[in-house]
Amino acid sequence: MLEFLRSDIVDLQAYTPHPGGAVTTPLDRLDTNESPYDLPPDLQEKLAWMYQNTIETNRYPDGSHAALKAAIAQYASESAGGMVSLDPSQISVGNGSDELIRSLLIATCLNSVCSILVATPTFSMYGILAQTLGIPITSVNRHPDNFAIHLGEAEYALEQNPLIRVVFVVHPNSPTANQLTSDEINWLRQLPSQLLVVIDEAYFEFSGETLLAELEEHPNWIILRTFSKAFRLAALRVGYAIAHPQLTLALEKIRLPYNLPAFSQGAALLALENRQELLSCISTIQQERDRLYQAFQNIPQLRVWPSDANFLYLRLEDHLASRYPYPQLIADLKAQGTLIRHTGGGLRITVGTPEENSRTLERLSALLQGQL
Ligand SMILES: *Cc1c(COP(=O)(O)O)cnc(C)c1O
């Protein structure tokens, strides 16, 4: 049946988003790295007002994203500590940064014989989107102690496979939560200019680290950011790319003409205008992250890694993982009301509200105590 479908698409394992929407049983949803905090009521009211008074639902949205690009250029320039002054022509806005990743793949590797390089474990969408476009993926390992990219393997892969045209890195990485080391950054700096380097800074607001200041020296670099995490707008799907104007122009050609709904554009603008208020909960999330990290370190069945993001990466001690498989642990936790993610051979747990985090600790410790 449906023989017209590409067989690689039929065989493809899709990304499994969580069901979303209103939940009937209360669950601590700590599996997708969202902010635990919805918009404050005054901003929700402003959004409602905007919807009623400024949005013409019968009209197409602004397909140029002009106002939003200008505001993003200003915020992003600021975020590099005043070291850069970005022009709106260096910004491209997507329906989530997922759209930008797909546009980049279309702009580079589709219809031609080239491939992408990733270091696993990493964000799964690079591989999934590449597969949907029939683009081959070369995957190298990370060092098991700190999850830095195995640069020797990466160099070897580039030598062996001259068809690699795009390198994806995440700063800090998901699911392992580590930011790029200076060795990794030096390696990126010396990559030949015919390679596109995608630096995904989805968690920038939590790490405070950005490579934006070096963008001008490296026209083959592109930085991706999103409103889905620290800016608390996951429901509205807004991501952006920062790059040389000729590179953003390619993204602009590829995207759908009205890729971003008017409401999403207005909400992202409002979020930027109120960024001080919105980003003020970051210090709480960082403190909670550090509290969780310390507490997990005291659970002997667990190994936890330091985090520069709003989530923690953990693994069960080897002897335990065979007796108590991850899917079972995830299911047991879910039955108690905590949703986390099994990915990259370990557990990724989003930092939630203090109450959620305390429940995570209690539930996880109790389950593991039974397994000693
Ligand atoms: C969450 C996340 C994104 C954001 O995706 P959106 O499509 O903007 O919601 C991008 N990259 C990484 C590594 C992420 O974890």
Side-chain angles (χ1 to χ4, degrees), residues 14-18 20 29-36 65 68 72 75-76 91-105 116-130 132 137 142 147 149 166-180 184 197-207 209-211 222-243 251 255-256 259-261 264-265 267-268 271-272 282 285 289 307-313 340-344 346-352:
Y15 180 81
T16 44
H18 70 183
R29 289 167 290 170
L30 306 177
D31 61 332
T32 41
N33 295 348
E34 296 143 335
S35 170
H65 312 148
L68 182 53
I72 290 172
Y75 164 67
I91 309 293
S92 181
V93 191
N95 196 282
S97 33
D98 290 347
E99 183 194 7
L100 297 162
I101 295 164
R102 176 148 64 185
S103 293
L104 283 170
L105 291 168
I116 67 166
L117 183 75
V118 297
T120 47
T122 195
F123 188 46
S124 61
M125 286 309 291
Y126 311 130
I128 292 170
L129 292 171
T132 65
I137 303 145
R142 291 172 179 272
F147 298 111
I149 298 167
V166 188
V167 176
F168 282 94
V169 296
V170 197
H171 185 43
N173 187 45
S174 174
T176 52
N178 52 309
Q179 53 178 300
L180 291 169
E184 288 172 294
V197 177
V198 183
I199 302 161
D200 189 335
E201 294 187 353
Y203 300 97
F204 157 71
E205 285 83 4
F206 300 103
S207 73
E209 295 289 329
T210 177
L211 289 177
I222 188 164
I223 290 177
L224 301 182
R225 299 243 187 110
T226 180
F227 284 86
S228 298
K229 308 281 159 61
F231 275 102
R232 319 194 213 169
L233 291 185
L236 300 181
R237 314 296 304 121
V238 188
Y240 57 97
I242 315 165
L251 293 175
R255 68 173 172 85
L256 298 177
N259 61 334
L260 211 62
S264 295
Q265 294 189 42
L272 286 174
I282 284 181
I285 293 175
R289 170 190 74 198
S307 167
D308 297 302
N310 66 333
F311 55 89
L312 287 160
Y313 184 70
I340 65 168
R341 201 163 180 102
H342 174 211
T343 179
L347 303 170
R348 195 191 65 190
I349 304 181
T350 308
V351 179

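One-based numbering, in listed order, for ligands and for the atoms of each.
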* Asked: Any side-chain donor-acceptor pair under 3.5 Å between T132 and R102?
  -> no
Nitrogen or oxygen contacts under 3.5 Å, ligand 1 side and protein side:
residue: ligand 1; atom: 5 (O); partner: S97; partner atom: OG; Å: 3.3
residue: ligand 1; atom: 7 (O); partner: S97; partner atom: N; Å: 3.1
residue: ligand 1; atom: 7 (O); partner: D98; partner atom: N; Å: 3.1
residue: ligand 1; atom: 7 (O); partner: D98; partner atom: OD1; Å: 3.3
residue: ligand 1; atom: 7 (O); partner: D98; partner atom: OD2; Å: 3.3
residue: ligand 1; atom: 7 (O); partner: R237; partner atom: NH2; Å: 2.7
residue: ligand 1; atom: 8 (O); partner: S97; partner atom: N; Å: 2.6
residue: ligand 1; atom: 8 (O); partner: S97; partner atom: OG; Å: 2.8
residue: ligand 1; atom: 8 (O); partner: T226; partner atom: OG1; Å: 2.7
residue: ligand 1; atom: 9 (O); partner: S228; partner atom: OG; Å: 2.7
residue: ligand 1; atom: 9 (O); partner: R237; partner atom: NH1; Å: 2.7
residue: ligand 1; atom: 11 (N); partner: D200; partner atom: OD1; Å: 3.3
residue: ligand 1; atom: 11 (N); partner: D200; partner atom: OD2; Å: 2.6
residue: ligand 1; atom: 15 (O); partner: Y203; partner atom: OH; Å: 2.6
residue: ligand 1; atom: 15 (O); partner: K229; partner atom: NZ; Å: 3.2

* N/O donor-acceptor pair under 3.5 Å between N310 side chain and Y203 backbone -> no
* Structure fact -> With sequence neighbours left out, the residues meeting side chain to side chain donor-acceptor pair (under 3.5 Å) with Y126 are D200
* Heavy-atom pair with the smallest gap, counting every atom of I149 and E184 -> N-OE2, 2.8 Å
* Residues two or more places apart in sequence or in another chain: which of them pass salt bridge (charged side-chain N to carboxylate O under 4.0 Å, His left out) with R142? -> none
Review item, side-chain donor-acceptor pairs of residues 232-241, under 3.5 Å, at least two apart:
residue: R232; atom: NE; partner: L278; partner atom: O; Å: 3.4
residue: R232; atom: NH1; partner: D38; partner atom: O; Å: 2.9
residue: R232; atom: NH2; partner: L278; partner atom: O; Å: 2.9
residue: R237; atom: NH1; partner: S228; partner atom: OG; Å: 3.4

